[in-house]
There are 2 protein chains.
Amino acid sequence: MPTSSPSPEPLPSRRIAETLRAAIENGELSPGDRLPSERSLAEQYGAARNTAREAIRILAEQGLVIAEHGRGVFVRERKRLLRFGSDRYSLKNRETGLTPFRLEAARQGRTARIEVLGITREEPPEDVAERLGVPTGIAGVVHRENHYFADDEPVQIVSTYLKWEEAQGTPLMEPRSGPHGIYGRLEELGHVMTRGRDEITARMPSPHESALLRLPPGVPVLEVLHTSFDQNAEPFEVSRYVHRADRAGLLYELPVEQAES
Amino acid sequence: MPTSSPSPEPLPSRRIAETLRAAIENGELSPGDRLPSERSLAEQYGAARNTAREAIRILAEQGLVIAEHGRGVFVRERKRLLRFGSDRYSLKNRETGLTPFRLEAARQGRTARIEVLGITREEPPEDVAERLGVPTGIAGVVHRENHYFADDEPVQIVSTYLKWEEAQGTPLMEPRSGPHGIYGRLEELGHVMTRGRDEITARMPSPHESALLRLPPGVPVLEVLHTSFDQNAEPFEVSRYVHRADRAGLLYELPVEQAES
DNA sequence: TTCCGTAACTGGCTTGAGCCAGTTGAGCAT
DNA sequence: ATGCTCAACTGGCTCAAGCCAGTTACGGAA
């Protein structure tokens, strides 16, 4: 081990983490492989078990490794399976009869399952209210919460918000909203989507999201706040997509506007 | 509330973390406020210092809190300042004479600084090679690495890759590439951007990125892999944007293609 | 043969102790 | 007033020990 030390890095936990990281990156340890146990790492490096444990925590935080209680610590698979993005709302996809999620899952050879968690009348969260153009403080929206699974693994939580006054008494309040999903119904209500806006952020999950998505530590979430605008440039639907970032990516195809001269 | 729980939450560290989290979320503790010290938390909850420490680690991992050596633990500001996205490449922005980054920084009232780290001939990374349509294994690309700062805080690392055969001997090899930046030069070489593709992922930073962006623990990065296509649908430029996710978001405006019937 | 208990692993979490390093402010010397 | 030292805080990291809980494989009982 020619561990050159021109830099000040004498910390045992980092040294162990760095050694393991190197082993992972040069392929000595492949995805799925088990790392030495905490106890044996500690012995091997002449450190306390807590120190070996700390090293593993560092790697877990970087998303390189996943600890499984009672089984061991494993090098994480680096697959990124699903891609969502600008064609999510493309009307062209209507022709397939599949929702965008099922379409993408099918592309990847995975089985899709969608669970409707609830359809309730609620007060909108502030960011949603702002975008949908409804007031906060009153129960002015319908909130449809869906969970999406690929091969029974939860990958996406979607909360869709519609104006209560419009959704009231329509199939928009039903779990199965009919042909072409809610966009079909919204079109019948006179809203043709002509423009969408996606606001994308990433962050660490809340404990709630962590549980719902069964997230291992060290996996961030991608949050997309989508707003649909109709032919009158009125917002008529806002959705919040929360993806686990190690399983989903986003893909946007952008036509570039040419300069008008 | 479908979360049925037999309330199995006797863990001291989580209990402390949960209490603090609640205090933060209901405003008892505001952004910038100092939390009690590890030692006093431990005493207050009748736990060991390590346990209080673990509680703080949990909050830090969720990005709620930031520990400063020698000073204390503080509730983190949750400003999200900069937004980048679909108009990043819009030719319309050319008219301002500002690069997209300077434009966005100016919008937010912040001072922009761009540092050119290096312009070197290199072998492309695999994902870049694939998208740019060049072989791996030979030094077939020019890599321009820039770091972007807002108010002297690093917010973005950008690596731009161009084909060596095209860039060779042109201003594309210079730090200051002339009017309208590299896109101006590429246009002179016959590449008009007509389409772009952005592939977006989020992940925890590598130690290298962590250092460059001066990232506190618990902050993920947003990575955008951008490909520019010219009038012949040929890719001519690939860029990798790495943002700190707590300071930057992405904004995409999407014209929705209407169904052709 | 199948089934089931158990032993020997695994990580999860806590304790309590100690030392190091960065920060701050009070108070002394100039 | 200015500038310095230093004590008393802060978090950072490690150690050593112990108990708990999930997993797995082996071996004996049915």
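Just so it is clear: chains get the letters A, B, ... in the order the sequence lines come, proteins before strands, and each one is counted from 1. In this text, all values refer to a predicted model and were calculated from it rather than measured experimentally.
- A:Arg76 is listed as a side-chain neighbour of A:Val219, based on a closest heavy-atom distance under 4.5 Å.
- Residues that satisfy the ring-ring contact (aromatic ring centres under 6.0 Å, His included) test with B:His147, not counting sequence neighbours, are absent from this structure.
- Regarding A:Arg71, its CZ atom lies at a distance of 11 Å from the C1' atom of D:dG22, rounded to whole Å.
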Taking distance alone, no hydrogens or angles, what donor-acceptor pairs closer than 3.5 Å link side-chain atoms of residues 117-126 of chain A to residues at least two apart or in another chain?
| residue | atom | partner | partner atom | Å |
| --- | --- | --- | --- | --- |
| A:Thr120 | OG1 | A:Glu122 | OE2 | 2.8 |
| A:Arg121 | NE | A:Ala139 | O | 2.9 |
| A:Glu122 | OE1 | A:His143 | ND1 | 3.0 |
| A:Glu122 | OE2 | A:His143 | ND1 | 3.1 |

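- Ring planes of B:Tyr252 and A:Tyr252: parallel class, angle under 30° (limits at 30 and 60°).
- Atom CZ of A:Arg34 is separated from atom P of D:dT23 by 14 Å (rounded to the nearest Å).
- With sequence neighbours excluded, no residue forms a side-chain hydrogen bond (donor to acceptor under 3.5 Å, both in side chains) with A:Thr136.
- Annotation: of the two residues near DNA chain D, A:Ser13 and B:Gly72, the 5′-most nearest-nucleotide partner is B:Gly72.
- By the neighbour-count criterion of 12 heavy atoms within 6.0 Å, atom CD of A:Glu43 is sparsely surrounded, having that number or fewer from other residues, nucleotides or ligands.
- Of the inter-residue distances, the one linking A:Arg57 atom CZ with B:Arg57 atom CZ reads 4.0 Å to the nearest 0.5 angstrom.
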Considering only nitrogen or oxygen atoms on both sides, find all protein atoms under 3.5 Å from nucleotides 17-19 of chain D and state each distance.
| residue | atom | partner | partner atom | Å |
| --- | --- | --- | --- | --- |
| D:dG18 | O6 | A:Arg49 | NH1 | 3.2 |

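- Of the possible donor and acceptor atoms, none in the side chain of B:Arg244 sits under 3.5 Å from a partner among the backbone N and O of B:Ser210.
- Of the candidates A:Thr227, A:Val238, A:Asp127, A:Leu162, A:Leu132 forms a side chain to side chain contact (heavy atoms under 4.5 Å, CB included) with just one, namely A:Val238.
- Nucleotide D:dT14 holds its C1' atom 17 Å from the OH atom of A:Tyr45, rounded to whole Å.
- Under the 3.5 Å distance criterion, the side-chain polar atoms of A:Arg144 are matched with a main-chain donor or acceptor of A:Glu174.
- Here D:dC15 presents its C1' atom at 15 Å from CD of A:Glu38, a figure rounded to the nearest Å.
- Interface limits on DNA chain C: the 5'-most and 3'-most nucleotides within less than 4.0 Å of chain B heavy atoms are C:dC13 to C:dT24.
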Could you run down the sub-3.5 Å N/O contacts of the protein with nucleotides 3-5 of chain D?
none

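- Rounding to the nearest 0.5 Å gives a distance of 10.5 Å between CZ of A:Arg240 and CD of A:Glu199.
- Annotation: of the two residues near DNA chain C, A:Gly70 and B:Ala52, the 5′-most nearest-nucleotide partner is A:Gly70.
- Across the protein-nucleic acid pair, A:Leu41 atom CG and D:dC15 atom P stand 13 Å apart, rounded to whole Å.
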